[in-house]
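So you know, we letter chains A, B, ... as the sequences are listed, proteins then strands, and number each from 1.
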Amino acid sequence: MKQSKILITLISIILGLLVGGIALLIAGFNPIEAYGIMFNGIFGSPKYIAWTIVRSTPLILTGISVAFAFKTGLFNIGAEGQYIIGSLAATLVGYFLEAPIIIHAIVAILAGCLAAAIWGGIAGLLKAKFGINEVITTIMLNWTALYFSNFVVFWEPFKRPNRDASQKILDTASIEILEKWKISDAGKEVLNSNEFLKDFLNPPINFGFIIAVLIAILVWYILKHTTLGYQLKAVGFNKDAAEYGGIDVKKKMIISMAIAGAIAGVAGATQVLGVSKETAILATTEGYGFDGIAVALIASNHPIASIPAGLLFGGLKYAGSKLQPNIGAPMEVINITIGVIVFFIAMPKLIQIITSFVSRRKRGVEVDDTK
Amino acid sequence: MNGRNIANLSPREIIDSGINNIPEDRQKRGLVLDFTVAENLILENYHEKPFSQKGRLNHKKISGHAIELMEKFDIRPRNDKQLAGELSGGNQQKVILAREITNDPEVLIAAQPTRGLDVGAIEYVHRYLIEQRNKEKAVILVSFELDEIMDVSDRIAIIYDGKIVDIIDANDADDADEKTIGLLMAGGGSSNETE
């Protein structure tokens, strides 16, 4: 069963790329050339690979957030808002707190985590206490988070003069790998003699990816091997039976949303501490949370599968941005491709029909393997 | 319950006080259909030893427990990793029965335990209910099936309009026939009708 799920995902990805190619063809571009550019854009140089990882990290985390909530029967549309709150809290701690290196970063991440957990927990609380659907509350909380973040960034001691952004975080809070060393004389010397490392370290490569992998494993472990996971899944699959089995359904809903929020908050925190170093004033959401929904769907809501799914998504987006400058093809083609992939994954039956049709033609006779 | 008032307590507290319940709707309340049989069998004691320790599940013990019960209660197919939703109705009911009876409750409330089951499975459920009684535990059977009630019960309480109108002894040949019970059910009770 697991294998067939992976197969369906792979076929969906191929179909998605095919449909994306057709869209390119209709728009008057050579799809093979376009995909060649994209492939080159990801694997062409260590620098590109590093960028893909950096771009994918927040998507992996928001993907895990959505997947986790989904496993426990909740639809977390609010990863976006939790992401914003997480990055805001991390920036605040990163700028105002003074602490030694490493500790500062950990405290900043935990702050982002906690703030976003509370943000997610609000939606869980509203659902548990008043029965308000979490889809509605989380969408509304997304906008609340966005404007709240903008409001805080405009706060005088926090805002950077003449910029629509907050102050940069202190260097002690950064989680970028070898940030100082890269621009030091000794570092430059080493990098100049090693082409690969120089290229790979050029982008703001940071510990975020490692954190994302650790969180994926942790979430998988919680869901699979702990009583908390057992309770949360029971609530997700069948609320009535869970209640009957003595599980406090309402409390579990709040916990579940808080955990989902915390994971999305880590996404925001690592992005701030590792890449942007600031919170910008945003006119609209950045879309990490919504892309996280697509990542979770591609990963069939499996926390560990969210890693490759996030890399795929991040890779496609990053490579797609190279279409425009190179052959002038619109990067929206990538959105079509991703949309089609999700579309096909949501229709496993269709893929099963296609694969069984193909295998039947190969074998000539149909073998009844239901028994 | 044993001299303690248990009305309005949480499900957890009621279970802990020694009451177990075979719910009326097995798919809605009795089972988590997307859980495996093994996981369903520990729905009420997942938090206790040996199934978990300090919040960590012990999959080996859970699985062993399931295999043992599947053997004892003849749940088919003998695969503890099977999803409960993929079992037949009779086997689903056996899973619930196995879970509730192994808890060895002081009081077992069985609400329509044989609804929608075939004859063999009905027989099976009845046997276990009676066995439970023979262990001197209380069993409350709620059912729409008159024959079932008359077959299995020692005493029959008839409820009409929200009140118990009469309790009769099932071994009492005069009272315990379909006619008397039917009359009481329809509200034609003699003694306690007007209260």
message: Is there a side-chain contact (heavy atoms from CB on, under 4.5 Å) between I42(B) and Y230(A)? Walk through the geometry before answering.
response: CA-CA 10 Å; I42(B) 56 159; Y230(A) 181 87; 3.6 Å; yes
task: Output the distance between atom CG (N238(A)) and atom CG (L33(B)), rounded to the nearest 0.5 Å.
output: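 The distance works out to 6.5 Å.
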query: Between CZ of F237(A) and CD of E39(B), what distance do you get to the nearest 0.5 Å?
result: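 The CD atom of E39(B) is 8.0 Å from CZ of F237(A), to the nearest 0.5 Å.
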- prompt: Under 6.0 Å from the CD atom of E131(B), do we count more than 12 heavy atoms belonging to anything else shown?
  reply: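 Yes - once you tally the heavy atoms of other residues, nucleotides and ligands closer than 6.0 Å, there are more than 12.
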task: Verify the neighbour count for atom CZ of F290(A): are there more than 12 heavy atoms of other residues, nucleotides or ligands below 6.0 Å?
output: yes
Nearest heavy atoms of K224(A) and H59(B), plus distance in Å: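 Distance-wise, the nearest heavy atoms are O-NE2, 2.9 Å.
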- line: Between T227(A) and L57(B) the two heavy atoms that sit nearest each other are CG2-CD2, 3.7 Å
query: Measuring heavy-atom distances to chain B, does K239(A) have an atom under 4.5 Å in its side chain, in its backbone, in both, or in neither?
result: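 Neither part.
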query: So which pairs with a foot in residues 106-116 of chain A pass salt bridge (Lys or Arg N to Asp or Glu O under 4.0 Å), sequence neighbours left out?
result: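 Applying salt bridge (Lys or Arg N to Asp or Glu O under 4.0 Å) to every pair that reaches into residues 106-116 of chain A, excluding sequence neighbours, yields nothing.
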